[in-house]
Each structure stands twice: as C-alpha cells, then as structure tokens.
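Only one structure is covered here, and it is reproduced in the block below.
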Amino acid sequence: MVDRVGADGDTVKLLKECDSGIKMGLSAINDVIDDVKNSNFRNLLNDSRDQHEKLQEEIVELLDEHCDEGKDPNPMAKGMSWIKTNMKMAVDSTDNTVADLITDGCNMGVKSLSRYLNQYQSADDKSRDITGRLVQIEDRLATDIRQYL
C-alpha cells in the first residue's frame with residue numbers, strides 16, 4: 001500500500017524541481033537567443049522554449065491542485081549561470097558558444113531531473129510523466145544543436 005502523504009509529498013517535490021528546472025532553462029534560452037545568428041538554430045531554441053512553456057503550464061496547474069506555488073531556481077545557481085553565460089559570450093559570441101552553453105545546461109537538467117525521479121519514487125504517474133517529458137525535451141535539444149558546436 002502506498003503512503004498517500006509520502007506520495008503527495010514526493011509528487012509536490014518532483015513538480016517543484018521540474019518548475020525550477022524549466023524556469024532555469026527558459027532563462028538560459030532567453031539570455032542567449034538574441035545572439036544566435038543561424039535562423040535554424042534560433043528556431044530550435046524557440047521551439048524548445050515553446051515546449052518548456054507548455055509543460056510549465058501543466059506543472060503550474062498540478063501545483064495549484066496541491067496548493068503549492070512552485071519553486072524558483074536556486075539564486076546562487078542562477079547567478080553563476082548568468083555570470084558564465086555573460087563571460088563566455090563577451091569573449092566569443094558565436095553560435096558555437098551558445099550551443100556549448102545550452103548543451104551544458106541541458107545535460108545538467110537531464111542529470112538533475114533523473115536524480116529527482118529516483119529520489120521521489122512515490123510521486124504520482126502524472127508528475128513522473130511530466131518529468132520524463134521534460135528530460136526528453138532537454139535531451140532532444142542537446143542532440144539537435146550538436147551541429148552548432
């Protein structure tokens with residue numbers, strides 16, 4: 001028998017981590033998209049941003065059902081990401097640099113989300129499905145932009 005309190009707790013925790021990860025991903029895309037010169041690359045980023053935003057809507061809806069406001073990214077992690085992005089772009093603002101930065105972010109997202117899936121095993125099927133879809137979006141973007149590295 002599944003512990004309902006534990007399952008609800010794991011569900012909310014997993015959704016909050018997805019919410020935080022999506023916010024971090026959207027911020028990263030928005031930080032660099034105006035610097036992308038190749039229109040196909042920019043389209044890939046726009047499509048990924050759209051997918052992130054649609055998934056975020058689902059997450060917010062589910063968090064609302066659990067009376068939770070979600071989670072912002074860790075300010076230190078967000079600040080470090082912003083510094084890294086701006087330093088690298090100041091030195092070399094090419095599509096290669098953008099692809100490198102986004103690939104690193106996607107890989108970190110996949111790693112973190114996979115860890116949370118393992119950590120919050122009692123989370124409900126909806127939240128686990130959303131997490132899996134987010135992992136797929138991140139993994140697909142990293143694969144699709146390899147040609148710009």
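Here the structure is a predicted model, which is why all the values come from computation and not from measurement.
Ile22 and Leu101 fall into different hydrophobic clusters, where Ile, Leu, Val, Met, Phe, Trp and Tyr residues are linked whenever their side-chain heavy atoms come under 4.5 Å apart, directly or through other members. The hydrophobic cluster containing Ile59 does not contain Leu117, counting ILVMFWY residues as joined when their side-chain heavy atoms lie under 4.5 angstrom apart, directly or transitively.
Going from atom CG of Leu134 over to atom CG of Asp139 covers 11.0 Å, rounded to the nearest 0.5 Å. Here the straight-line distance linking atom CZ of Arg49 with atom CG of Asn43 works out to 11.0 Å at 0.5 Å rounding. Distance CE/Met24 to NZ/Lys78: 7.5 Å, rounded to 0.5 Å. Expressed to the nearest 0.5 Å, how far CD of Glu57 lies from CD of Glu61 amounts to 9.0 Å.
In terms of heavy-atom proximity, Tyr148 sits nearest to Phe41 at OH-N, 3.6 Å. Of all the heavy atoms in Ile137 and Leu55, the pair that sits closest is CD1-CD2, 3.9 Å. The shortest non-hydrogen separation linking Ser20 to Pro73 is OG-CA, 3.2 Å. For the pair Cys18 and Leu113, the tightest heavy-atom approach, listed with the atom from each and the gap, is SG-CD2, 4.0 Å.
Distance alone, capped at 3.5 Å, places no donor-acceptor pair between the Arg128 side chain and the Ala123 backbone. With Ser48 contributing its side chain and Leu44 its backbone, the two residues share no donor-acceptor pair below 3.5 Å. In terms of modelled atom types and a separation under 3.5 Å, the side chain of Thr85 and the main chain of Ser81 share a donor-acceptor contact. Here the side chain of Asn86 pairs a donor or acceptor atom with the backbone of Trp82 at under 3.5 angstrom. Side-chain N or O atoms of Asp19 include none that pairs as donor or acceptor with a backbone N or O of Gly70 at under 3.5 Å. The closest donor-acceptor contact from the side chain of Thr97 to the backbone of Asp92 lies under 3.5 Å. Counting only distance, with no hydrogens or angles, the side chain of Thr103 and the backbone of Ala99 share a donor-acceptor pair below 3.5 Å. Counting only distance, with no hydrogens or angles, the side chain of Asp68 and the backbone of Leu63 share no donor-acceptor pair below 3.5 Å.
Around atom NZ of Lys23, more than 12 heavy atoms belonging to other residues, nucleotides or ligands sit under 6.0 Å away. In this structure, Asp125 places its CG atom where only 12 or fewer heavy-atom neighbours from other residues, nucleotides or ligands lie under 6.0 Å away.
A donor and an acceptor atom, one from each side chain of Asp35 and Ser93, are nowhere located under 3.5 Å apart.
Residues Lys54 and Asp50 are not paired through a salt bridge, judged by the lack of any N-O separation under 4.0 Å between the basic side chain and the carboxylate. A salt bridge links Lys88 with Asp100: at least one charged nitrogen is closer than 4.0 Å to a carboxylate oxygen.
Leu149 places a side-chain heavy atom less than 4.5 Å from the side chain of Arg146.
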